[in-house]
Amino acid sequence: MPTRPDPAARRAGRDRNAVVQWIGWHLGELACLAVPTVLAVTVWPWFALLTVLVAASWTAHEVRLHRHRRRALTAGRRRPVLTAVPDQNTTTSRGGGQASA
């Protein structure tokens, strides 16, 4: 009989993949900032403008991504809207209303 894979091992594999992807993307993003910065310092100062443009676009992307994730997470947790109006003649929890017969 074949053995079932360990759920913890599968979860660890997914976590490892997520970490590798995160490092890969962020190394690419940092390289896009570091290369023009080094060029601005060593070759031509106007490469600093490229660094600023890359940093601004990276920041805009991260802000957009954060807002999208926040909207996606809160979309499922919205409270249902109450449509029924409570009857005026029922007893309230404080005992202020009149009981209907």
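Residue numbers start at 1 and run along the sequence shown. In this text the structure is predicted, and so the values were computed from the model without any measurement.
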**Q.** Option from Leu53, Val52, Val43, Thr51 for which side-chain contact (heavy atoms from CB on, under 4.5 Å) with Pro36 holds
**A.** Thr51

Starting at [atom1] of [X], measure out to [atom2] of [Y] and round the result to the nearest 0.5 Å.
| X | Y | atom1 | atom2 | value |
| --- | --- | --- | --- | --- |
| Phe47 | Thr37 | CZ | OG1 | 11.5 Å |
| Arg16 | Gln21 | CZ | CD | 13.0 Å |
| Leu73 | His68 | CG | NE2 | 9.5 Å |

Q | Heavy-atom side-chain proximity of Trp58 to Val63 below 4.5 angstrom | A | no

Q. Do Leu39 and Trp44 come within less than 4.5 Å of each other through their side chains, counting heavy atoms only?
A. no

Joint cluster assignment, [X] & [Y], ILVMFWY side-chain distance < 4.5 Å:
| X | Y | result |
| --- | --- | --- |
| Leu33 | Val38 | no |
| Val41 | Leu30 | no |
| Leu65 | Trp22 | no |

Q) Passes side-chain contact (heavy atoms from CB on, under 4.5 Å), Glu29 versus Glu62? Steps please. A) CA-CA 11 Å; Glu29 292 168 340; Glu62 290 293 328; 3.7 Å; yes

